[in-house]
Asker: 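What follows is a structure written as structure tokens; I'll ask about it next.
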There are 2 protein chains.
Amino acid sequence: MEKQTATQVFESLSSGIRLDIYRLLVKRGLEGMVAGQIASALDLPPNNASFHLKGMTHAGLVSVAQEGRYQRYRANLPLMLELIAYLTEECCAGHPEQCAEIRADSCCPEAILPPITQD
Amino acid sequence: MEKQTATQVFESLSSGIRLDIYRLLVKRGLEGMVAGQIASALDLPPNNASFHLKGMTHAGLVSVAQEGRYQRYRANLPLMLELIAYLTEECCAGHPEQCAEIRADSCCPEAILPPITQD
DNA sequence: TCAACTATACAAGAATTATTGAAATATACA
DNA sequence: TGTATATTTCAATAATTCTTGTATAGTTGA
């Protein structure tokens, strides 16, 4: 993954509005939502929702498909998986035993580890 | 996880410099790096590195421990795991069969799925 | 074609963030 | 105590992003 792709995705999710949009779309899965639905679900002016959706689309975080006069948006879950891989690339290089258990648990987001202790 | 925590983490990673810092620290694992090392590794003015590290620390993305006159920074990996759980909360609600395979593969970041097809 | 509807594009001001240089704080060591 | 080192804080400017209102483009169905 290119660094610019990663920063664009993170920039997209750094706004409360865009984070709400993304999580809403993740919940909807393959069904997705059309722009107007998103705007009214989150009580946003349609042009503001459109502004944020444009940025998210450009970052690849959501996809858009035209349906007549509607625009249907869907979350791009695979991109999130690529992003996680990018972040943990070469994790704990040189000391694989350190992060073995961390990466193992990262396979099950439900299992949250306690914070790293500071020596 | 609180929404504000999530947006702060994403905001932290939305800058190329901070993303570089985070990935550098992930590679170092528990060993971490002191501020000066980080600045010279990334060819940054020390005060600029400090500026970004402060924000990342406030977001919880990195932790800091004093070692004499040095400040040692470490990546907070568990927070990233919480974040992933937060993002995929109620994923594909109502149609669990849709995302079953996606979530299964999310357990192994190496396996990247093709983009979601748009109907 | 016309009117209603959906959505995006554009422009302007407010607000936020980034970068740099200079100064300050704190620790280490002779 | 005095000097050097490590890091942070502060101030000022530059750059970017957010929000709102208005205008434009495309689609639908009478």
Side-chain angles (χ1 to χ4, degrees), chain A residues 3-22 24-25 28 31-75 118-119, chain B residues 3-22 24-25 28 31-75 118-119:
Chain A
K3 182 164 115 181
Q4 193 186 359
T5 305
T7 55
Q8 281 179 340
V9 170
F10 288 127
E11 199 282 326
S12 277
L13 295 171
S14 70
S15 137
I17 289 177
R18 291 189 294 267
L19 182 57
D20 285 342
I21 291 174
Y22 182 74
L24 191 56
L25 291 176
R28 289 301 187 104
E31 187 187 350
M33 291 175 82
V34 300
Q37 281 184 308
I38 296 170
S40 51
L42 299 177
D43 199 25
L44 293 173
N47 60 347
N48 194 13
S50 182
F51 168 82
H52 289 296
L53 284 165
K54 181 185 176 184
M56 296 172 77
T57 304
H58 185 249
L61 197 54
V62 302
S63 64
V64 59
Q66 185 159 3
E67 290 182 4
R69 63 181 137 177
Y70 299 90
Q71 299 288 326
R72 182 169 297 272
Y73 288 89
R74 295 180 177 86
Q118 298 169 14
D119 288 349
Chain B
K3 182 163 115 182
Q4 193 186 0
T5 305
T7 55
Q8 281 179 342
V9 171
F10 288 127
E11 199 283 327
S12 277
L13 295 171
S14 69
S15 137
I17 289 177
R18 291 190 294 267
L19 182 57
D20 285 342
I21 292 174
Y22 182 74
L24 191 57
L25 290 176
R28 290 302 187 103
E31 186 186 350
M33 291 176 83
V34 300
Q37 282 184 308
I38 296 170
S40 51
L42 299 177
D43 199 25
L44 293 172
N47 58 348
N48 193 14
S50 181
F51 168 81
H52 289 295
L53 283 166
K54 181 183 176 184
M56 296 172 76
T57 305
H58 185 251
L61 198 53
V62 302
S63 64
V64 59
Q66 184 159 2
E67 289 182 5
R69 63 180 139 174
Y70 299 91
Q71 299 287 327
R72 182 170 297 273
Y73 288 90
R74 295 180 176 87
Q118 296 169 15
D119 287 350

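Quick note on labels: first sequence line is chain A, next is B, and so on, each numbered from 1. Any value given below was found using the heavy atoms of this structure, including those in side chains, with hydrogens, waters and symmetry copies removed. None of these values were measured; they are calculated from a predicted model.
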Asker: Are B:Asn48 and B:Phe51 packed together at the side-chain level, in the sense that at least one heavy-atom pair is separated by less than 4.5 angstrom?
Answerer: yes
Asker: Using whole Å, what does the distance between atom P of nucleotide C:dA9 and atom NE2 of A:His58 come to?
Answerer: 12 Å
Asker: For A:Gln71 and C:dC5, what is the distance between atoms CD and P respectively, to the nearest whole Å?
Answerer: 19 Å
Asker: Checking B:Thr57 side chain against B:Leu53 main chain: does a donor-acceptor pair fall under 3.5 Å?
Answerer: yes
Asker: At under 4.0 Å, does any side-chain N or O of B:His52 touch on OP1 or OP2 of C:dT19?
Answerer: yes
Asker: Check whether B:Arg72 reaches the backbone of B:Ser63 with its side chain - one donor and one acceptor, N or O, closer than 3.5 Å.
Answerer: no
Asker: Can you measure from CG (A:Asp20) to NZ (B:Lys3) and round to the nearest 0.5 angstrom?
Answerer: 3.5 Å
Asker: Look at all strands and tell whether A:Leu53 reaches a base, only sugar-phosphate, or nothing, counting heavy atoms closer than 4.0 Å.
Answerer: nothing
Asker: Tell me whether B:Gln4 contacts the main-chain N or O of B:Ala6 through its side chain, where contact means a donor paired with an acceptor under 3.5 Å.
Answerer: no
Asker: To the nearest angstrom, how far is B:Gln8 atom CD from C:dT17 atom C1'?
Answerer: 14 Å
Asker: Rounded to whole angstrom units, what separation is found between the CG atom of B:Leu19 and the C1' atom of C:dA18?
Answerer: 16 Å
Asker: Ignoring hydrogens and angles, tell me if any N or O in the side chain of A:Arg18 forms a donor-acceptor pair with the backbone of A:His52 under 3.5 Å.
Answerer: no
Asker: Could you go through B:Leu13 and A:Leu13, starting from their C-alpha distance and side-chain angles, then the distance that decides it, and tell me whether this counts as side chain to side chain contact (heavy atoms under 4.5 Å, CB included)?
Answerer: CA-CA 10 Å; B:Leu13 295 171; A:Leu13 295 171; over 6 Å; no
Asker: Under 4.0 Å from a heavy atom of chain B: give me the 5'-most and 3'-most nucleotides of DNA chain D that qualify.
Answerer: D:dT5 to D:dT9
Asker: Can you build the contact string for nucleotides 20-30 of chain C? Use B for base contact, S for sugar-phosphate-only contact, and - for no protein heavy atom under 4.0 Å.
Answerer: BBB----BS--
Asker: CG/A:Leu19 to CD/B:Glu11 distance, rounded to the nearest 0.5 angstrom?
Answerer: 13.0 Å
